[in-house]
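Here is the structure we will look at.
Within every chain, numbering begins at 1; the chains are lettered A, B, ... in the order of the sequence lines, protein sequences first and strands thereafter.
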There are 2 protein chains.
Amino acid sequence: MNAPRSVGDVTPSTARFDQPLRLASGVTLQQFDLVYETYGQLNAERSNAILVCHALSGTHHVAGTYAGDSRSAGWWDNMVGPGKPVDTDRFFVVGVNNLGGCNGSTGPSSIDPATGHPYGSKFPFVTVEDWVHAQARLADHLQIPRFAAVMGGSLGAMQALQWTLTYPDRLGHAIVIAAAPSLSAQNIGFNEVARQAITTDPAFHGGDYYTQGVIPERGLRLARMLGHITYLSDDAMMEKFGRDLLTDQPRFSLDVEFEIESYLRHQGDKFTTRFDANTYLIMTKALDYFDPASQAGGNLSAALAGARARFLVLSFTTDWRFSPARSREIVKALLDNSLAVSYAEIESTQGHDAFLMENEDYFAVVRAYLARVADEVGA
Amino acid sequence: MNAPRSVGDVTPSTARFDQPLRLASGVTLQQFDLVYETYGQLNAERSNAILVCHALSGTHHVAGTYAGDSRSAGWWDNMVGPGKPVDTDRFFVVGVNNLGGCNGSTGPSSIDPATGHPYGSKFPFVTVEDWVHAQARLADHLQIPRFAAVMGGSLGAMQALQWTLTYPDRLGHAIVIAAAPSLSAQNIGFNEVARQAITTDPAFHGGDYYTQGVIPERGLRLARMLGHITYLSDDAMMEKFGRDLLTDQPRFSLDVEFEIESYLRHQGDKFTTRFDANTYLIMTKALDYFDPASQAGGNLSAALAGARARFLVLSFTTDWRFSPARSREIVKALLDNSLAVSYAEIESTQGHDAFLMENEDYFAVVRAYLARVADEVGA
């Protein structure tokens, strides 16, 4: 094993799909683009591909950097690269921006060819299953008949799980990290507050703000601030910020006072410069709708009966957004179907965000699991 | 013991205080009003009074009803009344709306006598200690030299705790329910999102919306929706709402879809008709600032050294806003000072809201504790 390093400079590609895609909502997209990146080499047998699915605010830019921009490392650059747990010396890794996104794939901010204007409110809501269908089109485009593995964290993990149901023969392994088999009422509640923040922002204009020269940045900022609270554990926040004030004494004003306030405001502000509010709505709705058990009368074990992949399921001890108990629901349902499952509950103080962070135990498990997969597929 | 019943119809009173009150912020209020209610009879020794302190959105209307309005029961009507755990056949109970409130006590929506206009942004931020000082003025007004007990839940419990430090000789017992000795970074984070929702609402006008003919209802609504998520446990929400849809199928739209969304929107809408946004800011800031340990270099035990009351501390198993662990911090600090403490961790699925709910174990503990207090004071 070589010392881990970066995949280096990368360039995204765009694939155009002209075959209509009928979505779960009943709406048909006549055509769509998916922007993607790949790292490593597809082997002659085309058997060593890994699809990495992104979470709520992620993108196709999983690893490496963009030339001339040293701060442009991909969102999972610590995980994916030569000698890293997802070893691009052995695997051909594909990152893709999902349909409805705002980073190059067709989404609400894209031009609707039917009107010549941004889709805006006319862009359909999509589901995890829709994304999996679109990703399968990309696999066809890349001539990948079957992925060695499909993997992701959080909403990305839900896509990995959905792959095992929608295309059971097109993947060998699913790596399901920091996931839940469905959102709880509390999860939906947080998403709903975020959505209401956006949709009640006067600048939202019913979703058609692109042509108004404004963006609902107040709402998007609030949504992101709230999101960040749920990504971190209470303990991690106390460790990182405590009750520290920015000044010696309370200011007794609405100015920023506590470190945590400063952090959240900064995260919120930053997000409005890089993310689209309509995409945020679409992503949170996809989360809310995800519930494979609902296809089987609420019985998750029955819902997963068609899966044939082998599974690595990982959770983090302080993740209260999708707690280890939710991951264990998935594990139990898989075991009920006599499927091969490895499960680890990783000690971490980092809450839900742990899936993005370097952690010795976590990375060791992924590394070991994928080394075996690489051997299997002759990578 | 008689069967519990309501205190019946009640009428609030207003006390005006003309002695200046210097606040923790350094600002002095030249005069202020406090609106209050009382239930039961003050005994000849004036020894049987209990002060009930309200939480974030509470009021002086603790028990009973307003004549002609059958839906006007006080917020703790299940707890306070003849034959109830806080037995008004034995105790004289005082409920008071805090300074900065919006229910009759002087607050940002009150007319500033210096200008003839609502205080608005000029109303000072207040602390739990300020409230305790104002409440002591009310005790003087009512000629109550010493309370048999001061009690409250959540932010109300923080006031009860503060009473034992600010006026250690003016209360016999403190009943501290669902409290924390200070807010965590996560708690402050949620408050900050709520505040940012209000202050970034274009209708906020820097706090001076009263004269603009608008209220920042979008922001206040979001703040309340978010609050409600943190008041309930994840389990309680799942029990109450689950993932139930209002319709048979997902709507794939921004219309309300899940029961939990409907509940939160309704709670948010209702709140904007009864609560003032500036008061919400003041209450959340008072929560953030509360931190008696900070007066003793972060040592809570040292901070509580001056207390002489006896304590009943109660927490609820599924309260994640102020978890039992936070109550145990208070208990430990009290025990470090060899103070008399009774502590119970009450089994409940209701989360933080449990302190407002009827619960056999909870009510039995309060009832038994206060029966002993009543005997003590000859009530």
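A donor-acceptor pair under 3.5 Å is formed between the side chain of B:Ser233 and the backbone N or O of B:Thr349. Here the side chain of B:Ser315 pairs no donor or acceptor atom with the backbone of B:Ala178 at under 3.5 angstrom. The backbone N or O of B:Gly219 sits less than 3.5 Å from a side-chain atom of B:Asp201, completing a donor-acceptor pair.
For a residue to count as touching a neighbouring chain, one of its non-hydrogen atoms must lie under 4.5 Å from one of that chain's; by this rule B:Thr127 touches chain A with the side chain only. Both the backbone and the side chain of A:Leu183 come within contact range of chain B, with heavy atoms under 4.5 Å apart. Contacts between A:Glu257 and chain B at a heavy-atom distance below 4.5 Å involve the side chain alone, from C-beta outward. For B:Ala24, the parts lying near chain A are the backbone and the side chain together; criterion is any non-hydrogen pair under 4.5 Å. For A:Tyr263, no part lies under 4.5 angstrom from a heavy atom of chain B. For B:Leu264, the part lying near chain A is the side chain, with the backbone staying farther off; criterion is any non-hydrogen pair under 4.5 Å. Within the 4.5 angstrom heavy-atom criterion, atoms from both the backbone and the side chain of A:Tyr289 approach chain B. Residue B:Asp288 touches chain A through both its backbone and its side chain, counting heavy-atom pairs closer than 4.5 Å. With a 4.5 angstrom heavy-atom cutoff, B:Ser25 touches chain A via backbone and side-chain atoms both. A:Thr199 touches chain B through its side chain: at least one heavy atom from C-beta onward sits under 4.5 Å away, while N, CA, C and O do not. Interface remark: B:Leu281 contributes side-chain atoms only to the contact with chain A (heavy atom separation under 4.5 Å).
The choice from B:Gln196, B:Met238, B:Arg195 that makes the most heavy-atom pairs within less than 4.5 Å of chain A is B:Gln196. For chain A, the option among B:Arg243, B:Arg221, B:Met225 with the highest count of heavy-atom pairs below 4.5 Å is B:Arg243. Interface summary for chain A: among B:Asp235, B:Leu232, B:Asp291, the most heavy-atom pairs under 4.5 angstrom belong to B:Asp291. For the set B:Ala236, B:Pro124, B:Ser253, the count of heavy-atom pairs under 4.5 angstrom toward chain A peaks at B:Ser253. The choice from A:Gly268, A:Gly242, A:Pro202 that makes the most heavy-atom pairs within less than 4.5 Å of chain B is A:Pro202. Here B:Ile229 is the residue among B:Ile229, B:Val193, B:Leu23, B:Val27 with the most heavy-atom pairs under 4.5 Å with chain A. Of all the listed residues (A:Met237, A:Gln249, A:Glu259), the one sharing the greatest number of non-hydrogen pairs under 4.5 Å with chain B is A:Met237.
Taking the six-membered ring for Trp and the full ring otherwise, the centers of B:Phe316 and B:His352 sit at least 6.0 Å from each other. Aromatic ring centres of B:Tyr280 and B:Phe271 lie closer together than 6.0 Å.
Environment of CZ in A:Arg328: crowded, with over 12 heavy atoms of neighbouring residues, nucleotides or ligands closer than 6.0 Å.
In terms of heavy atoms, A:Arg251 sits closest to A:Asp255 at NH1-CB, 3.7 Å.
The distance from the CD1 atom of A:Ile188 to the CZ atom of B:Phe241 is 11.5 Å, given to the nearest 0.5 Å.
The aromatic rings of A:Trp320 and B:Trp320 lie tilted to each other, with the angle between the two planes from 30° to 60°.
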Check: What do the steps show when you test B:Tyr210 against B:Asp276 for side-chain hydrogen bond (donor to acceptor under 3.5 Å, both in side chains), and what is the final call?
Finding: CA-CA 10 Å; B:Tyr210 308 105; B:Asp276 178 58; 2.7 Å; yes
- Item | side-chain hydrogen bond (donor to acceptor under 3.5 Å, both in side chains) evaluation trace for B:Arg218 with A:Thr200 | CA-CA 7 Å; B:Arg218 286 179 294 254; A:Thr200 65; 5.3 Å; no
